Trainee: 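First the structure, then my questions, so here it is.
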2 protein chains.
Amino acid sequence: MLGKITDYRMCEQVAAVLKTLAHAQRLSILCKLYRKEMTVGELEAGCGISQPQVSQHLTRMRLEGIVESKRDGNHVYYSISDPQIRVLLESFEKVFKV
Amino acid sequence: MLGKITDYRMCEQVAAVLKTLAHAQRLSILCKLYRKEMTVGELEAGCGISQPQVSQHLTRMRLEGIVESKRDGNHVYYSISDPQIRVLLESFEKVFKV
DNA sequence: GAGGTATATTAAAATATCTTTATATTATTA
DNA sequence: TAATAATATAAAGATATTTTAATATACCTC
């Protein structure tokens with residue numbers, strides 16, 4: 001991207017990922033998932049986001065390959081499936097001195 | 001953010017910055033500026049973006065403190081003013097193996 | 001299988017963002 | 001100062017995203 005930006009395509013790809021992360025609720029969800037897998041209900045309570053919204057964000061991120069889910073009874077556990085996302089979250093932590 | 005996310009505020013702040021970066025044209029502009037300061041016209045040609053759009057993106061990023069400008073005759077040179085943005089761009093480069 | 005809990009889906013309404021077109025400003029040069 | 005080049009601004013139109021509210025599905029327990 002910086003060395004060889006002959007590629008506008010690459011900017012499009014990166015921007016697409018950033019678009020998903022550029023939302024306080026989704027970011028908040030991912031930060032929670034960074035530490036451990038969690039159910040929809042736990043995220044709902046932990047992030048203070050409505051159930052449909054949590055579910056919608058998770059569905060979106062699952063389709064994008066960022067998170068994955070596994071069902072256990074009538075709970076569904078979500079976790080971060082893409083290691084690149086973890087690295088990005090760590091960068092944000094450093095850059096923003098959180 | 002990952003250690004102590006008691007702060008939803010922090011997610012909002014990070015998301016606000018990411019929102020600006022989450023656009024292929026703006027990302028493309030910043031990648032060009034990463035190497036050296038450039039005029040609006042150079043960015044227009046180099047990124048293949050219309051003049052008003054380049055100018056609008058730059059104005060937005062200037063107001064957000066990401067870039068700064070200096071006039072020289074009737075050219076205006078833009079450069080990245082926020083070191084954090086450089087670090088983020090470097091992270092993207094690493095993560096996405098550009 | 002009825003009732004309850006957890007999660008997912010849908011669709012409409014509200015907002016925000018992007019793009020385009022036209023025009024304005026600033027500075028230079030002749 | 002008229003003409004031109006470079007940049008900025010504004011406003012309308014087009015799209016996309018977010019939010020909310022209602023409803024559906026899946027699974028468990030009794």
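Just so it is clear, the model here is predicted, and its values are computed rather than measured. Chain naming here is simple, since letters A, B, ... match the order of the sequence lines and numbering starts at 1 in each.
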Trainee: Whole angstrom is fine here: how far is it from NE2 in B:H57 over to C1' in C:dT20?
Mentor: 12 Å
Trainee: Could you give the NE2-to-P distance, from A:H23 to C:dT17, as a whole number of Å?
Mentor: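 These atoms are roughly 11 Å apart.
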Trainee: For D:dA6, does either OP1 or OP2 sit under 4.0 Å from a side-chain N or O belonging to B:Y78?
Mentor: no
Trainee: Could you give the NE2-to-C1' distance, from B:H75 to D:dA8, as a whole number of Å?
Mentor: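 Result: 15 Å.
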Trainee: Taking donor-acceptor contacts at under 3.5 Å, does the side chain of A:Q56 reach the base of D:dT20?
Mentor: yes
Trainee: For D:dT17 and A:R60 - does any side-chain N or O of the residue sit under 4.0 Å from the phosphate oxygens OP1/OP2?
Mentor: no
Trainee: State the CZ-OG distance between A:R62 and A:S55, to the nearest 0.5 angstrom.
Mentor: 8.5 Å
Trainee: Rounding to an integer number of Å, can you tell me how far B:D72 CG sits from C:dT28 C1'?
Mentor: 12 Å
Trainee: Side-chain contact test, heavy atoms from C-beta onward, threshold under 4.5 Å: evaluate it for B:L58 versus B:L43 and give yes or no.
Mentor: yes
Trainee: Measuring to OP1 and OP2 of D:dA6, would you say a side-chain N or O of B:T39 lies under 4.0 angstrom away?
Mentor: no
Trainee: Looking at the base of D:dA6, is there any donor atom on it, or on the side chain of B:Q51, that sits under 3.5 Å from an acceptor on the other one?
Mentor: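 No.
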Trainee: Find the distance B:I49:CD1 to C:dT20:C1' and express it as a whole number of Å.
Mentor: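 Taking atom C1' of C:dT20 as the reference, CD1 of B:I49 is at 15 Å.
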Trainee: What is the distance, to the nearest angstrom, from the CD1 atom on B:I29 to the C1' atom on D:dT7?
Mentor: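 So the CD1-C1' distance, B:I29 to D:dT7, works out to 13 Å.
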Trainee: Can you tell me if the side-chain N/O atoms of B:R71 get under 4.0 Å from OP1 or OP2 in D:dA6?
Mentor: no
Trainee: Decide, yes or no, whether a salt bridge links B:K32 with B:E42 under the criterion of side-chain N to carboxylate O below 4.0 Å.
Mentor: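 A salt bridge is absent here (no side-chain N lies under 4.0 Å from a carboxylate O).
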Trainee: Checking only heavy atoms, does the side chain of B:N74 share a donor-acceptor pair with the base of C:dT28 at less than 3.5 Å?
Mentor: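 It does not, because no donor-acceptor pair links the side chain of B:N74 to the base of C:dT28 below 3.5 Å.
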Trainee: Taking any heavy-atom pair under 4.0 Å as a contact, classify B:Y77: base, sugar-phosphate, or nothing.
Mentor: nothing
Trainee: C:dT9, D:dT17, D:dT7: which one has an atom nearest the side-chain heavy atoms of A:K19?
Mentor: D:dT17
Trainee: Would you name the heavy atoms of B:V95 and A:Q84 that are closest together and state the gap between them?
Mentor: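 Closest approach of B:V95 to A:Q84: O-NE2, 2.7 Å.
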Trainee: Checking all strands, does A:S50 fall into the base, sugar-phosphate, or nothing category for heavy-atom contacts under 4.0 angstrom?
Mentor: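 A:S50: no heavy atom of the nucleic acid under 4.0 Å.
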Trainee: Over how many whole Å does the gap from A:L63 atom CG to D:dT17 atom P extend?
Mentor: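 A:L63 atom CG is separated from D:dT17 atom P by 14 Å.
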Trainee: So, applying side chain to side chain donor-acceptor pair (under 3.5 Å) with A:T20, which one of A:R26, A:H57, A:R60 is it?
Mentor: A:R60
Trainee: Measure from CD on B:E42 to C1' on D:dA5 and round the result to the nearest Å.
Mentor: 14 Å
